[in-house]
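Encoded as structure tokens, the structure appears first; notes follow it.
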Amino acid sequence: MAWGWVDLAARSTACNGLGRLGELEQLVFYDNNFTGGIPPELGELTSLQLLDLSNNSLAGGIPSRLYNCSAMWALGLDVNNLTG
């Protein structure tokens, strides 16, 4: 089964092992009240084109491993507590 996108907006769902979904192209975690940092494992999603983590309570910096997502054209990080 090939996944092109995952939309878990407003679901308050945590997903472990997302880094293993190498063919994933879109990931939407908008409005989930997530806390903590952005998982560095997201940098393993090298086919990722869109990542939306907007409207959460994420803190800390943006992991440098996200630069591995060379296909990414949209990154939503607004309404968080990120630094850097």
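Small disclaimer: the values here were computed from a predicted structure and weren't measured.
Atom CG of N32 is separated from atom CG of D52 by 10.0 Å, given to the nearest 0.5 angstrom. To the nearest 0.5 Å, the span separating OG1 on T46 from CD on E23 amounts to 7.5 Å. One distance of note links CG of L48 with CH2 of W73; it measures 10.5 Å at 0.5 Å rounding. Note that CG of N33 and CG of L58 are 10.0 Å apart. Values are rounded to the nearest 0.5 Å. The distance from atom CG of N81 to atom CG of N56, rounded to the nearest 0.5 Å, is 10.0 Å. The OG atom of S70 sits 10.5 Å away from atom CD of Q49, with the distance rounded to the nearest 0.5 Å.
Between C69 and L45, the shortest heavy-atom distance links the atoms SG-O, 3.4 Å. Minimum heavy-atom separation, S47 to A71: O-CB, 4.1 Å. When every heavy atom of R65 is checked against every heavy atom of E41, the shortest pair comes out as NH2-CA, 3.9 Å.
With 3.5 Å as the limit, one finds a donor-acceptor pair spanning the side chains of S54 and D78.
Looking at heavy atoms from C-beta onward, I38 lies out of side-chain contact with N80 at the 4.5 angstrom threshold.
At distances below 3.5 Å, at least one donor-acceptor pair connects side-chain atoms of T83 with backbone N or O atoms of G60.
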